[in-house]
**Q** 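Below is the structure I would like to discuss, written out as structure tokens.
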Amino acid sequence: MNIPPFTLDRQYLEIGSEVEEAVLKVIKSGQFIGGNEVSQFQESFASLIGVPFAIGCNSGTDALVIALRALDIGHGDEVITSSFSFFATAEAISIVGAKPIFVDINPNSYLIDHSLIESHITDKTKAIMPVHLFGNSVDMTVIKTIAQKFKLKIIEDCAQATCTEWDGQKVGSIGDIGCFSFFPTKNLGAAGDGGAVTTSDAFLAQKIRELAVHGSPKRYAHNQIGYNSRLDTIQAAILNVKLNSISKWIESRKKVANNYLNLIKKYDFLSLPETNTQLTSHTWNQFVIRFKNDTFSIKDNPQDLFETNLEKYKSLRNFLKYHLLKKGINTIIYYPIPIHSQKAYQNTSYSREELLETEKICTEVLSLPMFPEITYEEQTYVVENLDLIIKNYFNFI
């Protein structure tokens, strides 16, 4: 059996003819920039998230940059966020000239540890950028309380969390601005890059619209230096088709996650994702498990010494990833290197002692195959082989 970490092949079998029809309609119309498809998507997506305004843009990264610009965040400012995220989270902050201030994660949820945020706030802090990682929501009640106390803005990084809810509200509708990615692997994915910015503030919505199109409120008039960051019309047409199935796909992801949670055997060294409380509706963009290092030893297996050389694999996680691949099970590591340790930030001072949980988790997490169409049989195959590898190779302390 060969199981991918993610695939769109099965989704295409379901909606391929509708997607082709929508794309062909755009091509025949000759309306490749803007038009009804973009307007329809922005209206529908705003309704889905529960806000008055959604503005399409070129990517989730651009969404973050434009959100920061709309809030007048720039040189000399600081934005609090997590280092355990995709690079674009911090990159966007740096692009506008501000400094990302990294707060360590909660080791159980993998999300920013909100109990540490206040100690990182200075007179330069202008915003908090919580990352709703892997489809799980940050505690937005606490984030809002802190933001109100210190008069800070909230920019929600919702790239992996379309349709995730906190206390009955969709993420992207709770802070000042929400930022979404439609990269193909996301809960709602395009056939290329795409993104959106959401807000309930009409003034901010107008600034965002202008920034996404060269700072222009109308043709040949430019109020500020902006970007060429429009959502492509063909991508909007594809997203309009996919919006009809998003609720069904989210329910399928929840079912897949519950299957994994029920199938995976409990070990002290293996942590399953925190499904949190009654307040979170997790959408499972990824299913990420964690293997704790320093809790095991290799069984005596002289015929397989090369395969069990821990110096080669560096961690239990890497060892298991390699052996799962030999069984045709493709997994992904989100993320092997924290943002603060990336070469791009090597000349910036960050205290690694304050980010110990972040550094540790990057050596221990592994994402199992996760997509709405994965079968129960495939999930069973994944879990059975994981268990078999564990039993064959390891003694645990």
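Along the sequence shown, residues carry numbers from 1.
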**Q** Does the side-chain hydrogen bond (donor to acceptor under 3.5 Å, both in side chains) test come out yes or no for T199 and D201, once each step is laid out?
**A** CA-CA 5 Å; T199 185; D201 186 308; 5.6 Å; no

**Q** Do NZ/NE/NH1/NH2 and the carboxylate oxygens of K327 and E384 come within less than 4.0 Å?
**A** no

**Q** Are F41 and F182, when compared by the centres of their aromatic rings, separated by less than 6.0 Å?
**A** yes

**Q** Taking the basic N atoms (NZ, or NE/NH1/NH2) and the acidic carboxylate oxygens, is any pair closer than 4.0 Å for K248 and E251?
**A** no

**Q** Looking only at heavy atoms, what is the nearest atom pair of V256 and Q379, with distance?
**A** O-NE2, 2.8 Å

**Q** For the residue pair K254 / S281, report whether a side-chain donor-acceptor contact shorter than 3.5 Å exists.
**A** yes

**Q** With a 6.0 Å cut-off on the ring centroids, do Y334 and F86 count as close?
**A** no

**Q** Between E359 and H340, is there a side-chain donor-acceptor contact under 3.5 Å, judged purely by atom types and distance?
**A** yes

**Q** Can we say E78 and K99 salt-bridge, meaning some charged N sits less than 4.0 Å from an Asp/Glu carboxylate O?
**A** no

**Q** Quick one: do the E274 and N136 side chains pair a donor with an acceptor below 3.5 Å?
**A** no

**Q** Is the backbone N or O of G35 less than 3.5 Å from a side-chain atom of S39, with the two atoms forming a donor-acceptor pair by type?
**A** yes

**Q** Can you tell me which residue among T162, N285, T164 is in a side-chain hydrogen bond (donor to acceptor under 3.5 Å, both in side chains) with N187?
**A** N285

**Q** Hey, are K124 and D77 close enough for a salt bridge, meaning a charged N less than 4.0 Å from a carboxylate O?
**A** no

**Q** How close do E378 and I3 get, counting heavy atoms only, and between which atoms?
**A** O-CD1, 3.4 Å

**Q** Measuring centre to centre across the rings, with the benzene-like ring taken for any Trp, is Y335 within less than 6.0 Å of Y110?
**A** no

**Q** Would you say the side-chain atoms of H132 and E156 include a donor-acceptor pair closer than 3.5 Å?
**A** yes

**Q** Looking at residues at least two apart in the chain, or sitting in another chain, which of them share a salt bridge (Lys or Arg N to Asp or Glu O under 4.0 Å) with K153?
**A** none

**Q** Do the two ring centres, one from Y345 and one from F87, sit under 6.0 Å apart?
**A** yes

